[in-house]
Protein chains: 2
Amino acid sequence: MKAQLSKAGLADRLTPVFEAYGYEGASLSLLAKAAGLSKASLYHHFPNGKRDMAAAVLARAGARLQTLVIAPLHSTASPVERLGQSLDGVARLYEGDIPGSLMNSLLVGEGRGLFGAIVAGGVAAWEQALAGVYEAAGKPAAAARDTARQTLERIEGALVLCRVEGSRAPLEGALTSLRGGL
Amino acid sequence: MKAQLSKAGLADRLTPVFEAYGYEGASLSLLAKAAGLSKASLYHHFPNGKRDMAAAVLARAGARLQTLVIAPLHSTASPVERLGQSLDGVARLYEGDIPGSLMNSLLVGEGRGLFGAIVAGGVAAWEQALAGVYEAAGKPAAAARDTARQTLERIEGALVLCRVEGSRAPLEGALTSLRGGL
DNA sequence: TGAAACAGACCGAACGTTCGGTCACACCAA
DNA sequence: TTGGTGTGACCGAACGTTCGGTCTGTTTCA
């Protein structure tokens, strides 16, 4: 038998654990249970252990960010449509009843030294793409950068508030509000 | 010797550890080193261990939030001045080269179940006080609530970006921008 | 002298990790 | 068609380490 679960599928199963518990909080026991495998089997797929698992999860999240959120910003549609599709992508990227930001959780504690640079790269790409759309919508370059930064702040802040309130409402509210911002 | 360090002073020393590492990541070794005490001595001050320490740190942070950020919102000054003083308080509350949100770090993993309700209470009080100022500034009640929510999102989001970028700049930028929002 | 403050040594449990080995299946010569 | 061999997926059990937490004191000062 070749593989009951692909590496990507495995990463998908591990994602919610890292998202909810952070790098240090995601114990091998929790990860094994989420994967439906033993700890030893996890090492068969990720020879370098937890670091490898988190890296795979982060790579998967980066790919999803790229396709769901950033790619729509570069499409040929009108700026308003591009922003709308990208925000739809955000809603799909952060799914679930209590959405959590992997980027946020993974940067608590030890994870910051390990994955900080990767996360920073993804965020920078997102911010730049957003600024491009706002500029295409007619804003001066400096104002477009400011608006892009504000958009990121509001999305990430809303995700924090989602965890505080234990609800999806803050994210949905922020997205609705942001859609009207252009 | 009665006490080389008061409980509040001790909590202040423990704060950066919880802030940077979260609840699970903050090990007793790290906490003891930060306090300048042995693990056994920490248990003298906090009989219930890590839970007590985190609770003390959180209580201290709540008190600082109250005096630095929320109290100014309730003063007799003009709405614009009240907001300005409160944002100054935010800058002082989140000090340091790479400011971190204790509320955010502490809600990753196990901490959410332990302290989620306390944090949610503090945030709700902050949001309500903000909405009061925006309403006093002439906004309709619904719009005031929306603006208050947005302000919180931007501050918390900026703190996330501070950790991503390893810099204090996002917070300062957001505060400057928010000051101009009234 | 009595009590508070503190620390070294220690505990069972859980941590991340590794090892030895089982199992199901693909492949191939007889 | 069959039996032997190879291989990748998988797991139980254990590794050494560190975890949160406790015990038995010694020091310090009113």
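When heavy atoms are screened at a 4.0 angstrom cut-off, A:Ala32 is found touching no nucleic acid atom at all.
With rounding to the nearest 0.5 Å, the separation of OH in B:Tyr94 from OG in B:Ser101 is 4.5 Å. Here the NZ-CE distance, from A:Lys7 to A:Met53, works out to 10.0 Å after rounding to the nearest 0.5 Å. Atom-to-atom distance recorded for A:Asp97:CG and A:Cys162:SG is 11.0 Å, nearest 0.5 angstrom.
Ranked by how close their nearest DNA chain D nucleotide is to the 5' end, B:Ser29 and A:Lys39 are led by A:Lys39. Ranked by how close their nearest DNA chain C nucleotide is to the 5' end, A:Ala40 and A:Tyr23 are led by A:Tyr23.
Taking only side-chain atoms of A:His44, from C-beta outward, the nucleotide of D:dG20, C:dC6, D:dC10 with the closest atom is D:dC10. Of the candidate nucleotides C:dA7, C:dT17, D:dC10, C:dA7 has the atom lying nearest to any side-chain atom of B:Ser41. The B:His45 side chain lies nearest to C:dC6 when the options are C:dC6, D:dG20, C:dG16.
For the segment residues 46-55 of chain B, the set of residues with a heavy atom within less than 4.0 Å of an atom of DNA chain D comprises B:Gly49, B:Lys50, B:Arg51, in numerical order.
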Would you be so kind as to tabulate the donor-acceptor pairs closer than 3.5 Å made by side chains of residues 109-125 of chain A, with sequence neighbours excluded?
unit_1	atom_1	unit_2	atom_2	d
A:Arg112	NH1	B:Arg163	O	2.6

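Spacing between atom NZ of A:Lys7 and atom P of D:dG8 amounts to 15 Å, rounded to whole angstrom units. Atom pair B:Lys33:NZ and D:dC19:P shows a separation of 10 Å (rounding to whole Å applied). A straight line from CG of B:Leu28 to C1' of D:dG20 spans 5 Å, rounded to a whole angstrom. At whole-Å resolution of the value, CG in A:Leu37 and P in C:dT22 are 20 Å apart. Rounded to an integer number of Å, the gap from B:Tyr21 OH to D:dT18 P is 15 Å. Spacing between atom CG of B:Leu42 and atom P of D:dC19 amounts to 14 Å, rounded to whole angstrom units.
A donor-acceptor pair shorter than 3.5 Å can be found between the side chains of B:Tyr134 and B:Thr151.
For the OP1/OP2 pair of C:dC15 and a distance below 4.0 Å, the side-chain nitrogens and oxygens of A:Ser27 include at least one atom meeting the criterion. Distances shown here put every side-chain N or O of A:Tyr43 at or beyond 4.0 Å from the OP1 or OP2 atom of C:dT18.
By the 6.0 Å contact criterion, CD on B:Gln128 is open, its count of non-hydrogen atoms from other residues, nucleotides or ligands being 12 or less.
Scanning for salt bridge (charged side-chain N to carboxylate O under 4.0 Å, His left out) contacts around B:Glu153 gives A:Arg154, with sequence neighbours left out.
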